[in-house]
Structures are given as C-alpha cells and as structure tokens.
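These notes concern the structure reproduced below.
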Amino acid sequence: MIGECMKRQVVYVSPATTVLEAARLVVERHIGTLPVVDEQGVLIGVVRLQDILDIFLPDFVRLMEDIDFVHDFGALETILPKDIPDAARLTMRDLMQEPVSVEQTCGLLRAFAIMSKHGIRDLPVVNKPGALVGIASLVDIAVKFLATWAHEESAS
Amino acid sequence: MTGDQMVAIIIFGVTFVMILAERIHRTIVAMVGAAVMLIAGMLMGFYSQAGALAAVDFNTLGLLLGMMILVRLLEQTGFFEYIAIFTAKRVGGQPWLLLLVLGGATTVLSMFLDNVTTVVLIVPVTILIAQILGLSPLPLLMAEALLSNIGGVATLVGDPPNVLIGSASGLSFAAFLTHLGPIIAVTWLVAIGILRVVYRRELAERPRHGAALAGLDEKEALRDPVGVRRILIVLAAVILLFFLQGLLHLQPAAVALMGAAAALLWVRPDVEETLRHVEWSVLMFFAALFVLTGGLAASGVLSRLAAVLAEPAQKNPLAASLALLWVAAIISAVVDNIPFTIAMLPVIQELGELGVVVLPFWWALALGAGLGGNGTPIGATANVITVALSGKTHTPITTPLWLRSGLPVMIATCAVASVLFGLIFGWMSRP
C-alpha cells in the first residue's frame, strides 16, 4: 500500500503563495511538486516544477510543433527570471493544476498506473475528507515495488 | 409578395442573424436553417429535395476538399517553416526586409493555398524569428495576416469567396489572374506602404541578437524532404491545369481532386489521419448555405430582387459595381463574408439572365469580400487565427492594435481598387 512508502513530512503551499516564495522552496528543498492546500488542509491543487518553468518558456515553443532546428535561442537566452518582474507576482492559484491524488490504502500498482497515465512523478496522498497526509514519488513507489524482486535476486 | 416568399425570407433572415450572432456554431445554425427551409418548402410546395440537392454547388465543395487534402499533406512536411527561415536568413535580421520577404512569401502562398493554413503555419515561425532576434513580432504578424487576405483575392483558388464566384460565374483561373491580379498587385504595394508608415518605429529597431538567425537550420525544419518535393510537383501540375482549364474543359474541382488523388498515391500518408484534418465543418457550412439560399431562390425572392436591381445596374454599371464592392467590403469587415457571398451569387446570376453585363459585378464582389476582411480582427478567418496565436504570447494583438494598421489598409486598398476598377472598367467588363 502507498501509505507504507509515502513521505509524511510534506512541503506544501497555500493558494496565495507567490512564485517567488515557491521558487525559494524549490531551491532550498530540492523538490519538484508543490501540493496546494487550503486553510482546512484540504488538497485543492498541485503545482509542478514544469508549471513554474513554463512561465519562462519562449512563446514560440508553445506554438511550434517542432523546435529541434532552432540551435540558438539568441535574444531569449539572456533573459533570466529576474528580468520578468510580473512573473514574481503570480501566485500558486494562477499556476496550479487539478490535483491527482489517492488515499493511503491505494495499492502500489494502481498508484504507479495513475502516475503513468497522468504523466506525473509525485503522487499526493489524502485521507477520506481530502486532507493532505503524505506524498509518494515515483522513486518511493519503485523502491517498494521492486524490492521483492531485488531481494529474490540476491537470495538466489 | 407571396406567402412562400415571406416564409423563405423569414427562415433565411433568422438563420443569417443567428450565424452572425455566433452564439451557436455557424455550421450547426446553417444545417438547421437548411433543414427548416427544406421542410417549409416541401410543405408549401416551393422547394423540393431534388431542388435542394441541385442547389448545392459540388464544384465549390470539391475544389475546397481537394485543396484541403493537398495543403494538409504539405503542412506536415515542414515546408512553411522552411520557406520562412530560408527567406529570413537571406535578408538578415533587418525588420523592414523581414516584413517584405515574410509578407511576400505569405502573399504568394495564400494565392494558391488556403489563407488560414498559411497563417497557422507561418505565424508561429515568425514569432520564433522575431523573438530570437529580439524584435517586436507585431508588424510582421500584421503584414502576414493582411497580405494573406490581399493575396487570396488574386486567384480563383485564393480564398473561399473567389472559389464560390469562380464556380457560379464559370470564369476561368486565368481570367481571375488577368482581371484581379493587376489590381491586387497595386493594392499590395499600398498595403506595404501603409505598414511601413504605421510601424516606422518598430521597423527601425535593430535586432538585439542578429547572429541567432544563423542558428536556425531550414533543412532540419523540413521534416519530409522527399514528400515535400512530390507534393510541390503535384501542386505545380494542379496550378498548370487550372490555367489550361478552358482548353481541357476540366472543372477546378476535378483538377483539385485529381491532384489530391495523385498526391495521396505518391506520398502514401496515413489516409485516415489526413482526412481527419479536412475541415469538414467548413464544407458542411457551405453545403447547408447552398441549400438555404437555394430555398430563397426557389421561392422567387432573389429573382424579384434582381428585377429591382436590373435597371440601375444597367444604367450605371460602374456605380453599381462600386456600390457592390463597398457593401461587400463593409459586410465582410464586420461579419463572415461567406453567407453574404453565397446569397449574392444567385442574384448576380439572375441579373445576367435579365441581360445585364454581370462580369464587373463578379470582380467587384471578389474585391470587396476579400479586401474588406482586413478591416477588423474578426473580418477574416486568417485574422482570427493570427490574433488567437498572438494571444498565446506575451505580446497579444488587441483590437486597437489591429485597427491601427488593419483599418487603414482596408480603407486604402478598397479605395485604390475602386479607382483602378473605374480606370480599367472596359477591361473588367470583358471576359
């Protein structure tokens, strides 16, 4: 079950957290997914690293099907986050996506299948009322899941 | 007026207003309108299923379908990106020269291919070029949208109103090019001049990072170099056959569909996938409007209208042509130009049957419907697409930004086209 391998100390943010504060959390804690919870602790959204970095993605990358032939980003390459003053003011409410979450009793295979379907690498875990209780990364699940195999291998 | 005619006018009018209101998708509105027209016509005896079928112009639908298939095949190859990067690299990063070559390429592509597809593919790569150079994309995007609409007026296949007019009038591909081509060439220069003046500040910018263009590899952008050669050969053959239309007695629809068949055979794409990208909703919209307008014609309303218009049209054909040009221009600036064009076709045909020389009216309708679309961001589908794409960037084209160059271009090109129309009126009245 996922409850056995998830991390219980979760770094989370509120909808009013700014991108600047979130960036600081990402840099200090080295994490890739920020669950967004309301005052009651209920999970209401998820901000992935990708959502934050997308702010800095050049417009044409979103519009073009293929950008492999662009070898030099030219004038864009010199733009740093600090050059985009408006970006710092965005809040988690602006960036967050609909959360995908499971309950603690969720099986490992189901948890992995859900992550695989949604293309996510961290899966928030909630209790019955929807409050955030933990988070499991792909590595957490894989370690638990593959452990049986690895042990068998070393035994034989 | 008879009861039939009243009913037909009401059904047509309500459908027309609902299409323009855009609360419900235009294709759904047109299909429902066509169904109601047919039912009412059958109950009252002025319209039949056979009549509705006969009202559908399969030449228009076939031509659009054939060109849609060809353009879809070309679209996948990366050809448009190749053209944009190739031309941009030749002129370096100078904004004014970029505007000329990218606008020029868009014009030529729009003369033979669907404007919307051209813009959908050219605009993103233009944003890319402007951004890596550190330039404002606005003048380039406006030039592409405006010039694609202008270029489309020059040929029979350039934009949907021309396809409709070509089919209804029986005028040839060559006739379009020889009558509308010269006027469009001059209005093109006028539009370029206006863009130059309106965007003089942006066009004087120096690229912050001129060297970045060298880092774009146009050959790498060409995803399917073999496919692109084959499709271009087929397209060239199709255009050649368009020119020989009179000689070979081949309808444009037949040529376009033969071209599509040849390209499909030669390129061998996933045909299900290719056909999924055909704009079926556009084709259904046209078909439904044909049935709707057919009911109006069958009730006798349009021949009455033609009878009323016949006298002034005969007395002063130049004034009547110019009036049509400006009415078409203003209508297509504020609303979709297709319903108006489709409704005008039978009226002009009726006028022809009454003995009026209708040739200048066809050209006036094409010029007005095409050039008028530049006036507002919703005037033509290419505009809507350009605005929508720029809306996904940090520098969206807002309505005031559009009006700054779009409206002057619309008014000036229509005015210049009117003057030229008057000067060569003799030529415009001869096939």
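Here the CG-CG distance, from Asp59(A) to Leu389(B), works out to 11.0 Å after rounding to the nearest 0.5 Å. How far NE2 of His71(A) is from CG of Leu216(B): 8.5 Å, rounded to the nearest 0.5 Å. In this structure, CD1 on Ile132(B) lies 6.5 Å from CG on Asp72(A), to the nearest 0.5 angstrom. Interatomic distance, Ile67(A) CD1 to Glu220(B) CD, rounded to the nearest 0.5 Å: 11.0 Å.
Heavy-atom contacts from other residues, nucleotides or ligands closer than 6.0 Å to CZ of Arg229(B) number 12 or fewer. Atom CD of Glu39(A) has 12 or fewer heavy atoms from other residues, nucleotides or ligands within 6.0 Å.
For a heavy-atom cut-off of 4.5 Å, chain B lies close to no residue in residues 4-13 of chain A. Heavy-atom proximity under 4.5 angstrom to chain A picks out Pro124(B), Val125(B) from residues 103-126 of chain B. Applying a 4.5 Å heavy-atom cutoff, the residues of residues 390-406 of chain B that approach chain A are Lys392(B), Thr393(B), His394(B). Contacts between residues 75-95 of chain B and chain A, counted as heavy-atom pairs separated by less than 4.5 Å, involve Glu81(B), Ile85(B).
Nearest approach of Gly74(A) to Ala212(B), heavy atoms of both residues: CA-CB, 3.5 Å.
For Glu77(A) and His209(B), the side-chain atoms include no donor-acceptor pair closer than 3.5 Å.
For chain B, the nearby part of Glu65(A) is the side chain; its heavy atoms alone come within less than 4.5 Å. Both the backbone and the side chain of Leu128(B) come within contact range of chain A, each with at least one heavy atom under 4.5 Å from a heavy atom of that chain.
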